[in-house]
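Since the structure comes first, as structure tokens, the remarks are kept for the end.
Throughout, residue positions are numbered sequentially from 1 according to the sequence presented. Counting starts at 1 for both ligands and their atoms, in listed order.
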Amino acid sequence: MAGRILQFLSGLTLLLTICQAAVIEKYFNMTWVMANPDGMQERKVIGVNNTWPLPVLEVNKGDRLIVHVYNGLGDKSTSIHWHGLFQNSTNEMDGPSMQTQCPIVPGASFTYDFTVDQSGTYWYHCHTDLCYPDGYRQMLLVHDDDAWFTNQYKEEFAVTVSDWYHNLVEDITFISLSNPTGAEPIPSNFLFNDSIANTKLSVEPNTTYLLRIVNTGAFVAQYFYIEDHDFTIVEVDGVFTEPQQASLIYVAVAQRYSILFTTKASTSRNYGLVTIADQVLLDGIPDTLSLNQTNWLQYNSSAAFDPVNVTLNVVDENPAFDDYSLVPYDKEPLFANPSKVINLTVSMGILENGKPYAFFNDQTYTKPKVPSLYTALTSGEEATNEAVYGDYTNAFVLDHLDVVEVVLTNNDGGSHPFHYHGHNFQVVSRFPSYGEDFYSLANNVNPQAYDPNNHTAFPKYPMRRDVAVLPPMGNLVIRFVANNPGVWAFHCHIDWHMQQGLAATFIEAPLEMQKRLSVPDDHFAACKAAGMPYAGNAAANTKDILDLSGQNKPARPVPAGFTARGIVALVFSCVAAFAGLAAITWYGMAPLSSSEQVSMVASHLRTSDE
Ligand SMILES: *[C@@H]1O[C@H](CO)[C@@H](O)[C@H](O)[C@H]1NC(C)=O
Ligand SMILES: *[C@@H]1O[C@H](CO)[C@@H](O)[C@H](O)[C@H]1NC(C)=O
Ligand SMILES: *[C@@H]1O[C@H](CO)[C@@H](O)[C@H](O)[C@H]1NC(C)=O
Ligand SMILES: *[C@@H]1O[C@H](CO)[C@@H](O)[C@H](O)[C@H]1NC(C)=O
Ligand SMILES: *[C@@H]1O[C@H](CO)[C@@H](O)[C@H](O)[C@H]1NC(C)=O
Ligand SMILES: *[C@@H]1O[C@H](CO)[C@@H](O)[C@H](O)[C@H]1NC(C)=O
Ligand SMILES: *[C@@H]1O[C@H](CO)[C@@H](O)[C@H](O)[C@H]1NC(C)=O
Ligand SMILES: *[C@@H]1O[C@H](CO)[C@@H](O)[C@H](O)[C@H]1NC(C)=O
Ligand SMILES: *[C@@H]1O[C@H](CO)[C@@H](O)[C@H](O)[C@H]1NC(C)=O
Ligand SMILES: *[C@@H]1O[C@H](CO)[C@@H](O)[C@H](O)[C@H]1NC(C)=O
Ligand SMILES: [Cu+2]
């Protein structure tokens, strides 16, 4: 009897929880506004309703979020990705243009409408070409009273860290003849919560707080520590973890951490919240760019707020905590015996047009004419045939409930933070690991490939997250279960690299998608407004679904007999001859002011030519 009453009560609680779920409805008019977050240069940024930073979205687990987007920009297309949210049964709300929707062109509208059935720290950002570096990104926090650490802190804080450019993305020379080495644009600055040396977390002594940290940058990872305070990691990328002590973390772009920290007994002074940009990612560091920033834990408003004297030793003597050793709180066991293995080798290089691109297995991602989701929904039985998604979209079809293993091998001397939409994944192997050896292979000639028959033991309960970093010239092995029918982007989260084509499309259970998903009419209206087809294969052919003629193609590969390096040299000497000032024209056509930029380009040239 008691058992039955309990059962009844828990049923009632469930019912109440469902009934309590709120509907949070927002109207976003995307507009250009002026902002000057670092106090060094006012610039145009993308705001909502003429306001920037964008609104922080806060919901409770189970809530329904509806965001009506109007593109009031006039000159730029847009879309919103809800980073880390699974969009289980609502794939059409995921946001990446040409994968799950058409771009929202100026003057068009689009409604995102979905239920948030996860908890933790997320963010939202534009996912149409290069657009989030122009300020179009913000936190999305999902509160959950059932989180295991809910009762362990008094108050919570949430902050973003990010790189910042003083120029609009259109005004930054990147995929260009004048940048054949693909040198990523050096940020103008680094922001802490969209500001500089301006954030003070007001704390009481002897008290525990929760701090959420989101890297909303386009490129650069950052180290983070609190002066003289250790802390406890309790969440990564929306996955609650077993408590893990740490003193320094490495937060790649798009990654999130929640930490608990306990304040000291004394209020005699304030302590620094220190961020240090990972300089290894930068091809050069202009004198004007400070890699480190201090913000503060404010114990005492009358005491000094001194910048922390950061030395590089902080990072060298204290390798950042290796996220590979985290254990998810739910202790989900290793996904064993993959039924599908996808090998992806990452490389960077140029195509025949002399411009720099990025490749998975020598193929740069090129957008299809029809968003891949709409192809899956309109191709009938042929939706399971990879061919219909086109030859240049890096499309992989997964069976429903496949245990998928993705083996990433890095044939590039830079690290890449990989993100998968619609899931989090287990990180089952990584070489070299975070910490001292992370960059040890960067100058290798050949990558260290993963050997499925000879690797360190897989963790019993592997760390799960939705962004993990592939080390330079190393490898990374992730696993997930294809339990979310939909079209999901898999890509490097360095926005510059994604624009260069470092992306793939995983098509999960297309026949299940046809049964479960439905696309609202306003999504098709957005295609009409954009003049884009929304049915048929990647070439928009609806009659002969296997005829891909007319599909979008990338530039051709460098012809046989020319090495990529030869082309680089050729282009370089053409540019040099043209301008007579090789070093200055090299990096870009944008005006260059400092000699640092010149020497940084020269050093990039050296490393890539060796
Ligand atoms: C934007 O402005 C519209 C119209 O005034 C308003 O209804 C809406 O709530 C505003 N949205 C935000 C996020 O402030
Ligand atoms: C969006 O904002 C712009 C600029 O303030 C305004 O002209 C336009 O009417 C707004 N559109 C909507 C649909 O709110
Ligand atoms: C960070 O900025 C957002 C708004 O941009 C604000 O809501 C939030 O309170 C700030 N965090 C802290 C700790 O000040
Ligand atoms: C903090 O805790 C310590 C020891 O528990 C106690 O001695 C001290 O008075 C507390 N300080 C404050 C400001 O509450
Ligand atoms: C706060 O700092 C001031 C200046 O250093 C100091 O005089 C004061 O005693 C401190 N207050 C407390 C409560 O610790
Ligand atoms: C910063 O630390 C370095 C190395 O420990 C030291 O040489 C230097 O004097 C310090 N600078 C300041 C302003 O404290
Ligand atoms: C931190 O920034 C200061 C000021 O720009 C600079 O002097 C120092 O070298 C930087 N430290 C590191 C580790 O980058
Ligand atoms: C992936 O690579 C491994 C190791 O080179 C190889 O044995 C396997 O056949 C490859 N699998 C696929 C599906 O390409
Ligand atoms: C397995 O890998 C280790 C470490 O890379 C290497 O030393 C060893 O020779 C390898 N064993 C075999 C049988 O390949
Ligand atoms: C999606 O929901 C189904 C149940 O409706 C569940 O089995 C599956 O695990 C979910 N997938 C994800 C990624 O949460
Ligand atoms: Cu990358």
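- Residue-level proximity to ligand 5 for Thr267 is carried by backbone and side chain together, each with a heavy atom below 4.0 angstrom.
- Side-chain contact of Thr505 with Tyr389: a donor-acceptor pair under 3.5 Å is absent, judged by distance alone.
- Side-chain N/O atoms of Thr160 and Ser162 include no donor and acceptor closer than 3.5 Å.
- Closer than 4.0 angstrom to ligand 3 by heavy atom are Pro53, Val56, Gln138, Ala158, Val159, Asn193, Leu201, sorted by chain and number.
- Using a 4.0 Å cut-off between charged nitrogen and carboxylate oxygen, Asp113 and Arg64 count as a salt-bridge pair.
- Using a 3.5 Å distance cut-off with no hydrogens or angles, the side chains of Asn300 and Thr267 do not pair a donor with an acceptor.
- Considering backbone and side-chain N/O atoms, Asn88 comes within less than 3.5 Å of an N/O atom of ligand 10.
- A donor-acceptor contact closer than 3.5 angstrom links the side chains of Thr208 and Thr262.
- Proximity to Phe86 (heavy-atom distance under 4.0 Å) selects the following atoms of ligand 10: 13 (C), 14 (O).
- When each atom of ligand 10 is checked for a heavy atom of Gly422 under 4.0 Å away, the hits are 13 (C).
- Taking each heavy atom of Trp148 and Thr241 in turn, the nearest pair found is NE1-O, 3.1 Å.
- When all heavy atoms of Thr232 and Pro243 are compared, the closest pair comes out as CG2-CB, 3.6 Å.
- Each of the following atoms of ligand 5 lies closer than 4.0 Å to a heavy atom of Ser302: 4 (C).
- For the pair Lys200 and Phe305, the cation-pi test (distance below 6.0 Å, angle within 45°) is passed.
- Of the heavy atoms in Asn483, both backbone and side-chain atoms come closer than 4.0 Å to ligand 10.
- The residues Arg464 and Asp237 are annotated as not salt-bridged, no charged nitrogen and carboxylate oxygen being separated by less than 4.0 angstrom.
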